[in-house]
Amino acid sequence: MDPLKLTRARPGAPFTLTFDGREIEALPGQTIAAALWASGVTAWRTTRGEGRARGVFCGIGVCFDCLVTVDGHPGRRACLVAAVPGADIRTQAGTGHEEAGNDAAGHAGPEHEGAGPR
């Protein structure tokens with residue numbers, strides 16, 4: 001059953017954002033996690049040590065399993081951040097700082113002088 005019909009919801013017009021380069025549709029008021037789930041995406045982060053897939057676990061911002069990189073900023077909790085038109089959402093590996101040229105502890109490498117955790 002369509003949950004929008006079940007709740008008699010009348011959301012605003014859908015918009016698009018990108019997830020790992022592919023366009024997905026979201027509705028006003030949805031979190032990034034809700035938009036990803038609605039598009040069939042259930043995992044968008046891998047753990048630091050063993051690279052295990054993670055997505056939403058608690059759904060209330062306590063567990064940090066749902067971290068994504070949003071518009072180049074790692075460590076955003078997908079269950080708390082609102083989906084906005086045109087957002088660039090990326091799968092996050094570990095802390096996400098490794099992707100920005102930092103080591104696992106979030107320290108900048110020589111080629112990223114001044115970079116570090118945000």
Q.
Is there a side chain to side chain contact (heavy atoms under 4.5 Å, CB included) between Val68 and Arg90? Walk through the geometry before answering.
A. CA-CA 6 Å; Val68 290; Arg90 301 283 173 167; over 6 Å; no
Q | Residues Cys66, Trp44; criterion side chain to side chain contact (heavy atoms under 4.5 Å, CB included); working and verdict | A | CA-CA 7 Å; Cys66 66; Trp44 49 80; 3.8 Å; yes
(Q) Is there a side chain to side chain contact (heavy atoms under 4.5 Å, CB included) between Thr16 and Ile24? Walk through the geometry before answering. (A) CA-CA 5 Å; Thr16 60; Ile24 64 168; over 6 Å; no
Q: Please step through side chain to side chain contact (heavy atoms under 4.5 Å, CB included) for the pair Arg45 and Asp65, ending with a clear verdict.
A: CA-CA 7 Å; Arg45 179 179 81 86; Asp65 261 2; 3.1 Å; yes
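The minimum heavy-atom distance between Ala26 and Leu17, with the atom names listed, is CB-CD2, 4.0 Å. Minimum heavy-atom separation, Thr31 to Ala78: CB-O, 3.5 Å. Across all non-hydrogen atoms, the minimal contact from Phe15 to Ala83 is CZ-O, 3.4 Å. Ala43 and Ala53 get closest at one heavy-atom pair: CB-CB, 3.9 Å.
A donor-acceptor pair under 3.5 Å is absent between the side-chain atoms of Asp88 and the main chain of Asp71, judged by distance alone. With hydrogens and angles disregarded, a donor-acceptor distance shorter than 3.5 Å links the side chain of Thr47 to the backbone of Gly51.
A distance of 13.5 Å separates CD of Gln92 from CZ of Arg54, quoted to the nearest 0.5 Å. Annotation: the span from Arg77 atom CZ to Leu67 atom CG amounts to 8.0 Å, rounded to 0.5 Å. Atom OG of residue Ser39 and atom CD of residue Glu23 lie 11.0 Å apart, to the nearest 0.5 angstrom. A distance of 14.5 Å separates CD1 of Ile32 from CH2 of Trp37, quoted to the nearest 0.5 Å.
When Val56, Thr42, Val41 are each tested for a side-chain contact (heavy atoms from CB on, under 4.5 Å) with Leu36, only one passes: Val41.
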